[in-house]
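Structure first, commentary second.
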Amino acid sequence: MSILAFLIQTLRIATPYLFAASGGVLSERAGVIALTLEGWMLTGAFCAALGSFYTGSPWLGVLAGIGGGVLAAALHALATIRYRADQVVLGIAINLMSVGITRFFLRLAFDSSSNSPRIPGFDWAGASEGGTTAGLGSLLASFSNPLVLVALLSLPTVWWILYRTPYGLRLRAVGEKPEAAASVGVSVARVRWIAVLGAGAFAGMGGAYLALEQHQFTDSMTAGRGFIALAAVIFGQWEPKRVALACLLFAAAETFQIRLQGLQLLPSQFVEMIPYVLTIIAVAGIVGRSRQPAALGRVTEP
Amino acid sequence: MAQPDLSAPARDPWYQRLMEPLLPPLTALLIAAVVGDLLILSFGQSPREVYRLLVDGTWGNAYGFGQVLYKATTLACTGLAVALGIRAGMFNIGAEGQLALGGFAAALVGLGLPAGTPAALAILLCLLAAGAGGSLAAAVPGALKARFGASEVIVTIMMNFIVAAFLNWLVATKVSVAESLHTPEIHAGAVPRLAEVFPAFHGSAANFTILVAIGLAVSVWWFLFRTRAGYELRAVGLQPDAAEYGGIHVGRTWWRTLLLSGALAGLGGVNYVLGYKQYYEEGFAAGAGYLGIAVALVGRNHPAGVLVASLLFATLSQGALAVNALVPKQMLDVLTAVVIIAVATAVPEVQRLLRALRGRQA
């Protein structure tokens, strides 16, 4: 049971990473740097809280979260694809903007500067009502949020899009050699628009999971998870399968640390560093050759 | 009558030459003002009233202006750090971590020195420590970029988190005052407040670190445009392949630039640690490193532009507190982001338009 509990907790911690990293793979394989995952996620979390609060339905909350992520991604796409702004600069700006705008509207909508009121989340088997249900009951309760299962399917979906659909072929071409793709009649801008909006949708879903799981939106609640997801994308070398493993690995390290908190084997701050240190090692190409999509971050003429 | 010399390029009229440097900030501010009006109206307030408060609370009185100068000092340092990197073709996103480590190093040295150390010596040693701390945080991306060509964007971002966690651990377990997230007060190395010379600034955090920031801006200008190393740095930034062919060691230039850039950001930490609180406190950087990117961008990576841009963003940041009674202070965070997006997006469009118009005249 202990191992099962460990796995379940790992999965729950991995859920937002899996969602955001799916968006990261989609966007970066199309050649658009995904520094913005953090901002898209935060916007998604806020919109999910709004949606769930006003409609009373967590499902509509998820939809609103996706909408929020897509909206933030559209701004990014407009600036970087249509107006060819620098992707790194825009990424930083959109992250700053997400923090500011969610705080601003938090005051406007809920008259609070730190958190929203309690919002309806997914409550199968009365998971959040407390009560220690034993055995199968607690297992079920752990999965009371259906997004955990959806998250497990997100990277396989991205894999399927990339390697099994005509659009995926074009997307990979656009990320590697946009000029070649353009010369055979592929619209680079259009492929990138779709990829970035899709990435926003995935990240928004990750944000929605956070807000619904905690039954409220709190200020800056993504807390760097978007960057951990980006770290997973890079450490997983832009391959959906490896990226999924990286997400699970990072989440397992966190679970391990939480479980062993009493033992103080390793200070929690050092566990926090793991994804970042591994990513630095990966980009330096010290373990195996890590190659990013050739056109990543390059502003190409249409 | 002499014939006009056709070989000399025609000089643009003065208003066109003035438009080149002034248009980007003006366009950005105009767009920010429109978005700002919308946000203010959405909160049911009068834009005129909010802007009046913003001006009154910043440039309108000595205390507010002192606070603007204080905030601009840190931003000038991180802005110079980012600008120097961009001149060499690199994005240093790590100013946040470099600033924090610089501030921490200065606090450590200030703590270590005996109380009787002459102020000038103590400040000098703390400054050196701050620069070294910033350089240390930048050394990892610098070495990996020079040696393996690893993306400095990714490595500097990751370093921000690593430095934050590391300092967090050090402060929490090794050097904190009980039940707090800051170090003990330093014994030596406090930088005097501006108020000691200009009493009007009384109460504001403005201090003489501002001279360090101005001195750094002048030094960076001189380095970039008057030295051989600065020329090499700019050559690498414009065209690394051509620079390599011209005999410039590109990897070494990247490495040196990141060390210098980190030192500039690290020196910004002195403003808080020696000039304001007299101790290192977790989270004091509070986004000043990321804002350095905005400062460099609006200042067009020129030291003089960086100084002006740091005043602009410091005004927005201090003004936020002044308007908080009417609209949430986060409005100014949004406007800061809008300014960055506008400079990166709308300004090139306007410049293209200007060039097209001028082409038609000719």
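Throughout, a chain's letter reflects where its sequence line sits, starting with A, and its residues are numbered from 1.
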- request: Report the distance from atom CG of A:L296 to atom OG of B:S151, rounding to the nearest 0.5 Å.
  value: 8.5 Å
Table please: side-chain donor-acceptor pairs of residues 281-293 of chain B below 3.5 Å, with sequence neighbours left out.
unit_1	atom_1	unit_2	atom_2	d
B:E281	OE1	B:Y272	OH	2.4
B:E282	OE2	B:N168	ND2	3.2
B:Y290	OH	B:N160	ND2	3.2

- request: Could you grab the distance from atom CE of A:M97 to atom CD1 of B:I340, nearest 0.5 Å is fine?
  value: 9.5 Å
query: Atom CZ in A:R107, atom NZ in B:K329: separation rounded to 0.5 Å?
result: 7.5 Å
field: Closest non-hydrogen atom pair, A:G100 against B:V334
entry: C-CG2, 3.5 Å
statement: When the 4.5 angstrom heavy-atom criterion is applied to A:L108 and chain B, the contacting part is both
Per-residue contacts, residues 88-95 of chain B versus chain A, heavy atoms under 4.5 Å: B:F91, B:I93
task: Could you tell me which residues in residues 33-45 of chain B have at least one non-hydrogen atom under 4.5 Å from a non-hydrogen atom of chain A, sorted by residue number?
output: B:L39, B:S42, B:F43
- prompt: Does atom CZ of A:F270 have more than 12 heavy-atom neighbours from other groups under 6.0 Å away?
  reply: yes
- prompt: To the nearest 0.5 Å, what is the distance between OG1 (B:T173) and CD (A:Q269)?
  reply: 7.0 Å
task: Measure across B:A337 and A:A93 and return the closest heavy-atom pair with its distance rounded to 0.1 Å.
output: CB-O, 3.4 Å
Heavy-atom check, side chain of A:E272 versus side chain of B:F161, under 4.5 Å: no
task: Give the minimum heavy-atom separation between B:M158 and A:Y276, together with the two atoms involved.
output: SD-CD2, 3.3 Å
query: Which of the residues A:V88, A:V277, A:L75 is involved in the greatest number of heavy-atom pairs with chain B at under 4.5 angstrom?
result: A:V88
- request: Mind listing the closest non-hydrogen atom pair of B:A150 and A:A284 along with its distance?
  value: CB-CA, 3.9 Å
message: Please classify the contact between A:V99 and chain B as side chain, backbone, both or neither, with a heavy-atom cut-off of under 4.5 Å.
response: neither
query: Quick one: what part of A:I101 sits under 4.5 Å from any heavy atom of chain B, side chain, backbone, both or neither?
result: both
task: Tell me, for A:L78 versus chain B, whether the close heavy atoms (under 4.5 Å) come from the side chain, the backbone, both or neither.
output: neither
message: Show, in sequence, the C-alpha distance, side-chain angles and deciding distance for A:V283 and B:L144, and conclude whether the side-chain contact (heavy atoms from CB on, under 4.5 Å) test is met.
response: CA-CA 9 Å; A:V283 284; B:L144 295 180; 5.7 Å; no
task: Using a cut-off of under 4.5 Å on heavy-atom pairs, state which of B:V327, B:I341, B:D333 scores highest against chain A.
output: B:I341
- line: In short, B:P328 meets A:F104 closest at the heavy-atom pair CD-CE1, 3.7 Å
statement: Applying a strict 4.5 Å limit to non-hydrogen atoms, the region of A:V89 in contact with chain B is both
query: How long is the gap from CD1 on B:I157 to CD1 on A:I234, to the nearest 0.5 Å?
result: 8.0 Å
Interchain contact, B:I162 with chain A, by part (heavy-atom threshold 4.5 Å): both
message: Within the structure provided, determine whether B:V155 and A:T279 are in side-chain contact (heavy-atom separation under 4.5 Å).
response: no
task: Scan residues 136-150 of chain B for pairs that pass side-chain hydrogen bond (donor to acceptor under 3.5 Å, both in side chains), counting only residues two or more places apart or in two chains.
output: B:K145-B:E152
